[in-house]
Amino acid sequence: ALSDIDIKTYRATVGYLTQETMMFNMSIRDNIAFIKAGASESEIIAAAKKAQADEFIIHQKDGYNTRMGDRGTNVSGGQRQRVALARTFLQNPKILLLDEATSALDFQIEKEIMNTVFKDAREQSKIVLVATHRLVTVAGADQILFVHQGEVVERGTHKELMAMGGLYRDLFHFQTQAEGIDAEEDTRKIA
């Protein structure tokens, strides 16, 4: 039963990141390190780089010492999501749940982050579950479950689902055209 699981073990094993991230009125460094007491500077920076956050952080007036403000109001939504992703990379959970966690990011940054997420999962035998409306987010996943009207209607890799010619392919093409993305070129690099 879930009640038998030690809370510290659970928190070390499972990471959960949503579209709305919890940020505190402290420095960017402290917001990243919040998940791991005693994290070294090099660990924090490495996590920020994986989350594509280091570049925007170092351009802040006070760099990693920049205060994020109440609920992260001193940075943009995409920057908050990247700081939250850095926190998750620092945590390094065995099971990672992402619920629209990259929704405020542009396609290129999202693609690079998700490539890192999926690569880490494969290399470290992790489980990553991603819930998203943007199909480019999951194009690099090992298994995609396409849900329509509450039921799984298609299942497979991105390439398999595209070859099926069903709802997934139609929505994927619609979304990428709407965002001005060269879907074929970009997904060859992802999938």
Side-chain angles (χ1 to χ4, degrees), residues 11-132 134 136-141 179-182 185-191:
R11 288 182 179 154
T13 304
V14 178
Y16 178 64
L17 190 55
T18 65
Q19 181 175 355
E20 292 301 318
T21 58
M22 176 62 75
M23 292 293 134
F24 304 99
N25 188 14
M26 55 178 132
S27 71
I28 292 173
R29 173 187 291 101
D30 291 340
N31 268 283
I32 295 171
F34 182 80
I35 197 77
K36 185 178 178 183
S40 70
E41 186 74 8
S42 62
E43 288 177 308
I44 293 167
I45 293 171
K49 285 181 178 180
K50 278 181 144 181
Q52 302 292 316
D54 182 67
E55 187 173 327
F56 94 78
I57 294 169
I58 62 175
H59 287 97
Q60 298 291 311
K61 181 182 175 207
D62 295 320
Y64 279 81
N65 293 319
T66 300
R67 291 192 72 78
M68 293 197 64
D70 289 328
R71 297 183 349 197
T73 55
N74 293 343
V75 296
S76 72
Q79 291 169 335
R80 278 192 303 275
Q81 283 187 338
R82 286 184 275 169
V83 169
L85 284 159
R87 184 187 296 159
T88 302
F89 282 127
L90 183 63
Q91 177 190 9
N92 197 25
K94 294 300 272 177
I95 301 170
L96 179 58
L97 309 171
L98 301 175
D99 184 2
E100 299 285 356
T102 57
S103 61
L105 303 178
D106 71 38
F107 170 71
Q108 190 61 39
I109 290 173
E110 179 183 37
K111 180 176 76 169
E112 291 171 20
I113 290 170
M114 292 310 297
N115 282 342
T116 299
V117 167
F118 293 135
K119 181 178 181 263
D120 281 358
R122 289 179 188 108
E123 289 174 354
Q124 299 176 34
S125 299
K126 296 180 182 183
I127 296 170
V128 178
L129 300 171
V130 181
T132 185
R134 283 176 78 183
V136 294
T137 305
V138 294
E179 291 190 43
I181 300 167
D182 181 349
E185 176 62 27
D186 286 318
T187 54
R188 271 195 293 273
K189 296 174 190 171
I190 294 173

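Looking at heavy atoms from C-beta onward, Arg87 lies out of side-chain contact with Phe89 at the 4.5 angstrom threshold. Considering only heavy atoms from C-beta on, Met23 stays 4.5 Å or farther from Arg71 through its side chain. Asn92 is listed as a side-chain neighbour of Gln124, based on a closest heavy-atom distance under 4.5 Å. By the 4.5 Å heavy-atom criterion applied to side chains, Lys36 and Glu43 are counted as neighbours. Using a 4.5 Å heavy-atom threshold, the side chains of Met26 and Phe34 count as touching. Contact check for Met68 versus Val75: side-chain heavy atoms found under the 4.5 Å cut-off. Side-chain contact between Lys50 and Asp120: present, with at least one pair of heavy atoms (C-beta onward) separated by less than 4.5 Å. Contact annotation: the side chain of Ile45 approaches that of Asp54 to within less than 4.5 Å [non-hydrogen atoms, C-beta and beyond].
Annotation: Lys119, atom NZ; neighbour count of heavy atoms from other residues, nucleotides and ligands within 6.0 Å does not exceed 12. Heavy atoms of other residues, nucleotides or ligands lying less than 6.0 angstrom from CZ of Phe56 number more than 12. In Arg11, the CZ atom is not crowded: 12 or fewer heavy atoms of neighbouring residues, nucleotides or ligands sit closer than 6.0 Å.
Inspection of the Thr73 and Asp70 side chains reveals no N or O donor paired with an N or O acceptor under 3.5 Å. Between the side chains of Tyr64 and Asp30, no donor-acceptor pair of N or O atoms lies under 3.5 Å.
Rounding to the nearest 0.5 angstrom, the gap separating the CD atom in Gln79 from the CD1 atom in Ile57 is 9.0 Å. Rounded to the nearest 0.5 angstrom, Ile32 CD1 and Leu90 CG are separated by 8.0 Å. To the nearest 0.5 Å, atom CD1 of residue Ile44 and atom OG of residue Ser42 are 8.5 Å apart. If you take CD on Glu100 and OG1 on Thr102, they are separated by 7.5 Å, rounding to the nearest 0.5 Å. Note: Leu85 CG to Leu17 CG = 5.0 Å, rounded to the nearest 0.5 Å. Put simply, OG1 on Thr13 and CD1 on Ile95 are 6.5 Å apart, with the number rounded to the nearest 0.5 Å.
Between the side chain of Thr116 and the main chain of Glu112, a donor-acceptor pair closer than 3.5 Å is present. Using a distance-only test at 3.5 Å, with no hydrogens or angles considered, a donor-acceptor pair links the side chain of Asp106 to the main chain of Ile109. Between the Gln60 side chain and the Arg67 main chain, no donor and acceptor come within less than 3.5 Å of each other. No donor-acceptor pair closer than 3.5 Å links the side chain of Arg82 to the backbone N or O of Ala48.
The only option from Thr137, Thr18, Leu129, Val130 that meets the side chain to side chain contact (heavy atoms under 4.5 Å, CB included) definition with Leu98 turns out to be Val130. Checking Arg134, Gln52, Gln81 one by one against Glu110, the side-chain hydrogen bond (donor to acceptor under 3.5 Å, both in side chains) holds for a single residue, Arg134.
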Query raised in the report: Going through the distances and angles, do Glu55 and Lys49 end up as a salt bridge (Lys or Arg N to Asp or Glu O under 4.0 Å)?
Result: CA-CA 8 Å; Glu55 187 173 327; Lys49 285 181 178 180; over 6 Å; no

Query - Full working for side chain to side chain contact (heavy atoms under 4.5 Å, CB included) between Val83 and Thr21 - result: CA-CA 9 Å; Val83 169; Thr21 58; over 6 Å; no

Requested in this report: Check step by step if side chain to side chain contact (heavy atoms under 4.5 Å, CB included) holds for Lys94 and Ile127.
Outcome: CA-CA 6 Å; Lys94 294 300 272 177; Ile127 296 170; over 6 Å; no

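Looking at every heavy atom in both residues, Gly15 comes nearest to Pro93 through N-CB, 3.4 Å. Of all heavy-atom pairs between Gly77 and Ala104, the closest is C-CB, 3.9 Å. In terms of heavy atoms, Gln19 sits closest to Ser103 at CG-OG, 3.1 Å.
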